Amino acid sequence: MQKILLYFILSFLSFSISQAQKPVTPSSSEVFESIQKLNFLGSVLYIAAHPDDENTRLISYMSNHVKARTAYLSLTRGDGGQNLIGPEIRELLGVIRTQELLAARGVDGGEQLFTRANDFGYSKDPEETLAIWNKEAVLSDVVLAIRKFKPDIVINRFDHRTPGTTHGHHTSSAMLSFEAFDLANDKSAFPDLLKQASVWQPKRLFFNTNSWFYRSQEDFDKANKNNKLSFDIGVYYPLKGMSNNELASLASSQHLCQGFGRLSQRGTQKEYLEFLKGDALTNNDNIFEGIDTSWNRVKGGKAIGDILYAVENNFNFKNPSTHIPQLMEAYKLLQNIEDEHWKTQKTKELKSIIEMCAGLYLEASAEAQTSTPNQSIKVNIEALNRSTQSVIIETIKQGDEQTISKNLELKNNDSEKFETTYFISNNEAYTSPYWLNKKGTLGMYKVENRELIGLPETPKNVVIDFNLKINNVPITISKPVVYRYSKPDKGELYRPFEIIPEASAKISEKVIIFSNDKQRDINVIVRAGRDNLEGFVEINHPKDWNVSPEKQKVNIVHKGEEQMVTFTIIPPKNQSEGYINPVVHVDDKAYTKELIEINYEHIPFQTVLLPSESKIVRLDIKKKGENIAYIAGAGDVVPESLQQIGYNVLTLNPDAINAETLSRFDAVVVGIRAYNVVENLEFKQQILFDFVANGGNMVVQYNTSRGLNINNMAPYPLKLSSDRVTDENAEVRFLNPTHPILNYPNKITLKDFEGWTQERGLYFPNSWDAKYTPILSMNDKNESPKDGSLLVAKHGKGYYIYTGLSFFREFPEGVSGAYRLFANMLSIGKEDLKPASKLNN
Ligand SMILES: [Zn+2]
């Protein structure tokens with residue numbers, strides 16, 4: 001319901017959010033607002049770390065009330081977050097969150113910028129963050145953003161002076177911004193960037209403080225605000241029929257994968273800016289003090305301003321097209337000014353206003369959503385002039401070379417439609433997020449084409465240029481080719497037109513565990529990007545593994561169809577791991593990518609190409625017991641992972657937990673945060689503890705102390721804390737080396753803690769009853785040892801185990817030590833149990 005309502009509201013906004021490819025069809029009031037913005041020559045850059053960090057109230061206020069060109073520089077794309085709306089995590093989540101930011105900016109009127117920094121997960125302090133990011137590279141990207149955008153005002157979301165009080169990415173964003181503020185104007189700093197943009201000195205830097213940065217609202221209310229600038233960001237916009245904060249709520253509600261859908265707010269609300277550096281203000285009421293934000297700012301701008309202010313002051317809401325002659329005059333003058341930055345930016349704005357005022361409708365829509373290089377595609381062109389102004393299409397250009405001569409006069413409201421053929425050249429790049437084209441590091445994306453650094457998304461490369469003459473002034477309006485279609489139950493829909501490879505392949509299982517040397521079959525799904533695809537597939541694999549057969553033929557008749565081929569994987573005798581990659585050979589080309597589609601209503605359809613690979617792991621693992629009951633929590637892949645190493649796993653609903661059912665199992669595993677999210681579990685605790693007392697094992701994974709639904713999580717007291725070890729390589733010390741859990745049936749060594757990913761664990765207990773034995777000690781740099789990551793208590797004949805170790809992160813990455821330790825947790829105390837495997841021998 002909420003989703004439908006949101007969709008409904010958004011459809012009223014001119015920059016249609018849900019279908020970002022849909023042509024903009026603004027009303028007169030929106031045209032007028034664009035002219036107001038055209039006539040304000042000042043800009044604001046807001047800087048933070050993640051998608052959803054940004055204060056949309058302030059961005060919207062700067063963009064819609066002050067009329068400044070406003071952008072949000074998010075250092076990362078938020079790959080490390082969780083996803084509340086679907087299965088995408090990591091880089092695919094980053095793709096969704098990038099589009100959510102663009103959707104938010106579509107609502108609040110801002111622009112969106114990024115750096116190459118990757119959100120690698122939680123970080124306690126900026127020192128760690130900047131060691132994992134390449135500090136110099138991210139700083140260079142912030143400097144580049146400032147030199148390209150040329151903001152007058154920079155605003156930090158976070159405080160650069162308080163490391164350790166918030167996520168390390170947050171503080172780092174403020175520290176880098178503080179440093180870049182001066183470097184951006186220093187020719188000797190990052191001289192390579194000067195090819196892309198000239199030096200620039202922003203006028204002043206602020207910190208957007210609020211009560212969150214104080215101990216309480218009371219403390220904040222009491223704090224001295226003399227040195228702070230404040231704004232009432234609750235202003236009402238009659239032209240929009242909305243308050244600024246209502247608009248801001250709509251913008252931040254775009255972050256749906258983070259659960260940011262929220263109620264709107266209205267009425268007076270204050271925002272505060274603390275001055276950090278630059279030119280000090282003499283009175284605290286105008287952040288642009290001392291900057292001429294009129295057209296006089298630009299050499300040659302006065303004459304342009306004279307025309308455009310007159311248009312603004314006498315705007316014809318009933319028929320904006322009457323302003324076309326003046327707008328074309330201003331356009332001509334603008335082409336002659338020397339300042340490249342202002343010329344480029346204002347030309348872009350003015351072109352769009354001219355298009356809007358003339359009621360121009362220019363569209364290029366392909367007959368299909370995708371095509372491959374070296375193919376031709378039919379494109380339908382629609383061109384319409386809804387004004388009495390003279391508009392002539394001189395030529396239409398496709399890409400760099402192909403030109404259709406037209407010389408067609410667009411008469412008032414007389415729609416011109418025609419079909420053309422667009423040839424997609426052999427070297428045309430695929431449509432996929434540019435930052436994922438090459439494998440990066442934990443902390444950084446790798447971007448080879450430096451021109452792309454900072455851009456929110458890959459520029460659309462299939463474009464139609466309409467070379468027009470409006471009132472005899474030549475002007476070019478470019479439109480990316482889109483795919484327009486309709487669905488009976490949805491109406492008209494748009495998707496981006498995309499270039500995809502002829503062939504792509506995927507293996508559904510991303511990690512394949514071999515707990516013995518038995519061979520296994522895997523399926524490779526090949527998808528055709530064009531009709532009549534013929535070729536063969538082979539599998540690249542590590543030397544000590546074997547794959548048969550060597551090749552499998554594929555023959556797919558229709559574009560978009562898939563064919564499945566099967567290979568047998570033969571593991572080595574000993575522990576080993578590596579990657580397998582399916583390669584599709586077509587003619588003399590080899591295709592190694594998997595094609596992933598992301599389809600949500602609030603963002604445009606996305607196609608992502610990633611290297612097609614699966615991890616294969618031959619584990620040296622022993623286990624006792626056979627049947628595991630799993631109680632689901634907030635979601636982890638523990639059941640699938642335990643099945644991969646040969647356990648039978650059955651997921652039990654809390655309702656199904658009773659003594660008789662449990663008697664069929666050797667152990668019970670509780671999913672992550674189950675006691676936070678499953679409400680009726682507390683009534684089953686006694687039954688579970690009795691199961692342990694009778695000889696069963698119970699493994700409980702991490703829960704958070706906040707929002708715990710239960711008092712009796714464990715049979716003996718333990719207290720959860722926020723202790724976590726975020727360094728996945730942090731040293732592990734064995735507190736109790738002879739404890740069975742480290743010795744049976746698998747001998748656990750330090751080697752089992754190698755190759756862990758993202759973190760060691762989180763929310764460890766920090767005090768516990770003497771009945772528990774702590775097994776491991778570990779800590780992040782400069783912190784005290786944390787001993788609560790793995791606690792084992794004998795309870796009756798069985799064992800209760802509480803662990804904050806991040807098995808839920810390690811299993812999907814095929815980390816062998818995590819599997820071996822988990823097998824020991826399930827097997828402890830079961831020395832007498834006949835091993836299940838023995839029955840087969
Ligand atoms: Zn954040």
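Whatever order the structure lists them in is the order used to number ligands and atoms, beginning at 1. Bear in mind that the values here come from a model prediction, so they are computed numbers and not experimental data. Quick note: residue numbers are just sequence positions, from 1.
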Does this structure show an ion pair linking Lys135 with Glu179, if we count only N-O contacts that are shorter than 4.0 Å?
yes

Backbone of Glu813 reached by a side-chain donor or acceptor of Lys615 within 3.5 Å:
yes

Is there an N/O/S atom in His170 at a distance below 2.8 Å from the Zn ion (ligand 1)?
yes

Check whether any N, O or S atom of His50, backbone or side chain, sits closer than 2.8 Å to the Zn ion (ligand 1).
yes

Of all N, O or S atoms in Asp53, identify the one at the shortest distance from the Zn ion (ligand 1).
OD1

Pick one: which of Asn208, Asp53, Thr70 meets side chain to side chain donor-acceptor pair (under 3.5 Å) with Tyr46?
Asn208

Please state whether the rings of Phe158 and His170 are parallel, tilted or perpendicular, taking 30° and 60° as the class boundaries.
parallel

